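We name chains A, B, ... by the order of the sequence lines, and we start the count at 1 in each one. As the structure is a computational prediction, the values presented were derived from the model and not from experiment.
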Amino acid sequence: MSEDVESFRRRARAWIRANLDPAPQGEAGIGRARSDERELARVARAREIQRALFDAGLAGICFPVEYGGQGLSLEHLGAFNQEVAGYDCAADLQIPTFTPCAAVILEFGTEEQKRAHLPAILRGEEMWMQFLSEPSGGSDVAGALTTAVRDGDEWVLNGSKIWTTGAWWADWGLCLARTNWDAPKHRGLTVFMLRIHQPGVEVHRIEMLNGNREFCQEFITDVRIPDSDRVGDIDQGWTVGTRWMFHERTAMGGGSPYVVRPAGSGSAGLVGSGDSLWPLVVAEGRSQDPTALDLVGEAHTLALVGSALTPRIGASMRSGALNDQASALARLYSGTRSVRYATIAYELSGQSGLAWDPEAGDPDPGVGYLMRQAACIGGGTTEMARNVISERVLGMPRETSHDRDTPFRDVPRGPAAG
Amino acid sequence: MSEDVESFRRRARAWIRANLDPAPQGEAGIGRARSDERELARVARAREIQRALFDAGLAGICFPVEYGGQGLSLEHLGAFNQEVAGYDCAADLQIPTFTPCAAVILEFGTEEQKRAHLPAILRGEEMWMQFLSEPSGGSDVAGALTTAVRDGDEWVLNGSKIWTTGAWWADWGLCLARTNWDAPKHRGLTVFMLRIHQPGVEVHRIEMLNGNREFCQEFITDVRIPDSDRVGDIDQGWTVGTRWMFHERTAMGGGSPYVVRPAGSGSAGLVGSGDSLWPLVVAEGRSQDPTALDLVGEAHTLALVGSALTPRIGASMRSGALNDQASALARLYSGTRSVRYATIAYELSGQSGLAWDPEAGDPDPGVGYLMRQAACIGGGTTEMARNVISERVLGMPRETSHDRDTPFRDVPRGPAAG
Amino acid sequence: MQPGLSADQQFFQETTRKFLDARCSPADLRALAADPAGYRPGWWRQGAELGWTTPLVPEAAGGGSISGAGLADLSLAAFEFGRHAAPGPLIPANVAAFSLGRSASSGGGALAAWLERLLSGAATASWLRADPPGTDLGGASLTAGAGPGGGLVIDGQAPVAEAGADADVFLVTARAGSGMVHAVVDASAAGLHRRRLEGVDLTRRWARVELDAVAVPGDQVLPAPADAGFEASSTSDASGDLAERQLCIALCLQQAESVGAMQAAFDMTLEWTANRYSFGRPLSSYQEIKHRMADMRMWLEASYAITVAAIDALDAGRPDASELASAAKAYVGHFGPELVQDCVQIHGGIGVTFDHDLHLFLRRVTAGVPAYGSPAQHRRRLAGMVAERVAS
Amino acid sequence: MQPGLSADQQFFQETTRKFLDARCSPADLRALAADPAGYRPGWWRQGAELGWTTPLVPEAAGGGSISGAGLADLSLAAFEFGRHAAPGPLIPANVAAFSLGRSASSGGGALAAWLERLLSGAATASWLRADPPGTDLGGASLTAGAGPGGGLVIDGQAPVAEAGADADVFLVTARAGSGMVHAVVDASAAGLHRRRLEGVDLTRRWARVELDAVAVPGDQVLPAPADAGFEASSTSDASGDLAERQLCIALCLQQAESVGAMQAAFDMTLEWTANRYSFGRPLSSYQEIKHRMADMRMWLEASYAITVAAIDALDAGRPDASELASAAKAYVGHFGPELVQDCVQIHGGIGVTFDHDLHLFLRRVTAGVPAYGSPAQHRRRLAGMVAERVAS
């Protein structure tokens, strides 16, 4: 007999008010350089918060009780999300650990794997990353070249993964690797659990053009993994991968049962509204300039539309009016909107966006403009979203691919495959 | 010993000033409905002008003397173009008669065909149209379904052509037809000369959404054509067609030796500049509104850029810096610019673009907006231009086509082929 | 149109759809292009029987909605209007009915009589709208002064009034000093002159209307909101400002119409890309076309989303209704025409011919751009709202 | 860059290209990111030997151009600067040299001495620019009053001055009453304060410069154009307005630089699409990518075209030079960054990393947007020109 939503809400509210700090200001994302010390402190605090939630019986609200979760419903999660709004529950660090990683383990892991990792995750002891993209791959994640070769009860991994957020401080990686080069692309993959900090895994931190170093590339050399750390069947990794990416999309769309999402946050909120531009307009003395007002109104329109679009798509998917690929509509919208917002902010900032006093002004408009396309690249490019919408939502023909029925070793990879 | 440019210029100038009227105001193109009477009067006047030019030794400046032309150089034509600026020489009606039609006859016609038609064309007696596009075809002109079947010394034509400007008053059509359904698409075509007004050719006038009826569709039923009216070799019509379209592109780009083009006219001129929008701004009382000024400045920028771009591309093609497919760059530019101009004009017109007094105001902005895409469709779509630029200018891979090496009768045509 | 409709709402939408399917085929519309009114006699009365005039009027005043959320219900009809490019003064008729419905019970016989005729479809209304002082949304120049017996004298000109040439009655929203007044003016009133205009839509009609010292009797002036004894409806007055409510209703209905027209053009074009072959392949197999359709599908979904958000906010009397209504206009007014123009482009030359159906929808979304404030004017209004909120 | 270059022009361009190839590799630029000046000592003097400082100065004043069309020649170097994202104060140095070159022969010893040092590269200049009264192109607030001995006293602030932190001398274009004056101010002048800024470019540098009652001796004030006894050069003064000429020169050089950077990003991306495979196919085989490259190629050609048109008009002293220069800024300032951002998008994540070269060019075109008047400010200026012409 599970706790009813209202009493859960009261319990959560009391605990949150007694134990959590107010949420830090400022948008998450590919911000400017944050010092390593600050980043590590943030991770440590996230682990503490998670442990405290666990001890209070508030961690993993929709995870099964047998793996340390609360076994409650989406309504309970919704109540928690409302109560935790405005508080720091380290929600941004729940992705990708809780979903897609823990969600995939829950769905495909063995009983041993689930008992070994899910409670540890819910206690904040294990933080997971996605070892998915590869330098050769771009949008084609199923084209993984990282190879796992069976050797008795072990697998030997070699290859490279990239765009892994925070691999330098995280604990485990969920890793997609090729186990069969003679099968077609999607039929020769297998998923493994990989301890990040071990000999043979070299973590290189990528410096973005704005100085941010949260993304990593890993070089994997002769790393041995026990077969018991394999997730799902051999060569059936794309079955896992398809759900993996479903969980990722769902998280980005804001409808995942596995992560806390304080109400009003994320793409459903009014991040990037006209309100956030107004101080810039005032600073530039343009509050009476109709062309500046036009840009503010445009940004504000796009923010309001975005905040109406995401829940609508979610409701349509739940009602079956749209299939679950329709989250690509929200992804496409948010990418193009962010690009426009960055452009408007740079335009409104005038010459103060071009150059700034390092000890005074806020360099965001200029540097934000340089990073503008990140919003249309990270988490799946807008081009992939357009492919998905046209093919999976509208039912238009699939792109010709030269890799569907060919043994993977014969698929053209080109000189830039690296 | 040909006439030198300067004495030709003086002779042309004297004749032009004595014989031609001032050029009519207003842009050519898919304008609003012009009455049939006015259209026919315009055609009759064009024939008169052409006859007078012929009699004065000024017709067909770059056409060979033996076919009634002057056998002079591009420099002579350039001088004429400068002198005729501001006068009505019916230049807009020289296309497609003089090029691509006469140009194709000059290049591929038999001696008899040239002697029969070119002098008649230069005298204004024959006006020609392109029987090229088909209802099924869209951008794929080589996919013609109109069929010519050999019967002794004759051919029997059946099929339909579309987007033929002025077929209802013109005399002859240059007609691309399929003569071999067992060969691949490009290798089963033949070109014919078709007298338009004869039994079996039914000319239907297409009404555009703005009431314009200059375009026609022709239904061709069992029309017999003597083999002597065939242009080029049997089944080699695409050899003719390639040059045909080259001549068409060249004419649109403004570099054809076969047509008069008064200096400052056409896409090289400042059609659609900010100047042409200013009266609208004043009428709407927005001459002090920065957002209106911004739009005027944008339109003006695009006009100035266009007038710089066309001659640059021409010069680059002549110098070999760009190949002759590069005219697609100018075509793409002018299409997208026109679309933006129509949009700006409608925005500036406010509610007077939405509804107008039929006996007073000028309905151009509203109706022009409805017709806006015509600029990106007519004369080859901007999509085709982008294909040409990417494949023929940048050398990117060709689109997969399912019709290149297949007998044409087996090429998929789909339910909308009509 | 919208997930989560009740069975009654679906039935209402389907009834309207079937009615329009039967009476508003593209061929019908082409035939109506030359009709002065843009529709046949009896058309509007039939529509009224289907419920096109009542949803914004309280039951006590003779109206009534299906779900209690009157604008949400009515927008289902507006959506079908757009999807069929249907004729008829849907927006001004409902703005007038809404305005009279909140006043008629206390406003006396003349208003109640007009309301009854509007609800039954026996009469049609046009709406002449001035902008409240200090705002600029393309409103007409209409000013009212005091007349004898609590009446008004109205002067001014509405250059582009929807359905103005054939309306039996005008709802006039005019400036009076620093505020606004609302009155009903008979089309036959002395000093009222109107001239039929041509316009971009095939069946929608506009007129220029001039008011030269038109005297309005006191019983045709709407009482100020504070005096109104109307029952609270689902569309209760959050702002207390009738002019603002009228504008938001018009904007919501207009955007719902545009979304319907966008949907029709989109569906037609998606089908075309599947059936039309070029170079031996369907158009739908070309990635450029696919990506364009994907963008359009996204614009369409976003247009639905912001329109419904504005409608729901207005029905709920939420304070952000005005902001959402302006955002809906700014978004749909921009992306609606762009979407349909992309549909034209994908169709090629056939898409700009009179015989093709596409221009019916292009015309409808194009007509929606400048009316009730242009997208640019609404962007500026939004910036003003932002400035006010941030400053406070 | 341009069809129809003479052999000498080609040689000049190639010399600059080879020099920059050897000294401005992307690795060099990354290393210079932390350098206060953005370039190594001696760099600018070497460039001066290649002819980067002389083309806008008459031979009689120590300058000289290859073809007689000085700006056309110089723009070839500017194009290579953009193509390499090269460091150095190319624009302010040449605006200053141009301004002194027309005055030095009559302006006395101080101006001539500065000009000589600028031409040799021994000194670098920054340009502090106020907008002429009645115009708004983002200029600084700088006003000059009369000082003793025909000198000036200048007050004001230039919030973003290119190369301002390391310049030896400032060319100051300030408002004086209803007109403009031009003067040379030593960086060491009393009352001149400057502060180094960070900016979007890796090697280009800006500073905030404040002038607090800076006294300028009379021999550092440029004579009014009417008094100038300078020889007519190919860049003869059509408008008689030095401030306008300075602005047009800066705009043309800036756009030539941006076009160079666009070209570099475009070439890099075209190669990437051929070599990068996705789903077993090169990126270049995807129609969406092809069409985007086609659009970019068109923007690039158009950007070249309008930039060269403005340069030629300015060299020829044609009256439409200002109009073309503003159009060049309005066009290149919009499509330049859009082109390079599209290149980033096609590269994917790698395109926003510090180790990839693409951001070098993104930074350069981004820096070009607000300086010397934003695209929006130039659009408005163009509309003003249109209005004036149509009205007259």
How many angstroms lie between [atom1] in [X] and [atom2] in [Y], if you round to the nearest 0.5 Å?
| X | Y | atom1 | atom2 | value |
| --- | --- | --- | --- | --- |
| A:Arg312 | C:Ile306 | CZ | CD1 | 11.5 Å |
| A:His300 | C:Arg381 | NE2 | CZ | 11.5 Å |
| A:Ser390 | C:Leu270 | OG | CG | 10.0 Å |
| C:Tyr331 | A:Glu298 | OH | CD | 10.5 Å |

Quiz item: Which one of C:Ala330, C:Ala302, C:Ser326, C:Ala310 has the most heavy-atom pairs closer than 4.5 Å to chain A?
Solution: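 The residue among C:Ala330, C:Ala302, C:Ser326, C:Ala310 with the greatest pair count is C:Ala302.
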
Which region of [X], side chain (C-beta onward) or backbone (N, CA, C, O), has a non-hydrogen atom less than 4.5 Å from a non-hydrogen atom of chain C, or is it both or neither?
| X | value |
| --- | --- |
| A:Leu322 | side chain |
| A:Leu302 | side chain |
| A:Arg398 | backbone |

Quiz prompt | Region of C:Ala376 that comes under 4.5 Å of a non-hydrogen atom in chain A | solution = both

Quiz prompt | chain A contact via C:Arg389 - which portion, at a heavy-atom distance below 4.5 Å | solution =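 Looking at C:Arg389, just its side chain touches chain A.
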
Exercise. Quick one: which of A:Thr336, A:Ile389, A:Thr301, A:Val296 has the most heavy-atom pairs under 4.5 Å with chain C, could you say?
Key: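 Option with the top pair count is A:Thr301.
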
Quiz item: For chain C, which of A:Ser316, A:Ser319, A:Ser287 has the most heavy-atom pairs under 4.5 Å?
Solution: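 Of A:Ser316, A:Ser319, A:Ser287, A:Ser316 has the most heavy-atom pairs under 4.5 Å with chain C.
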
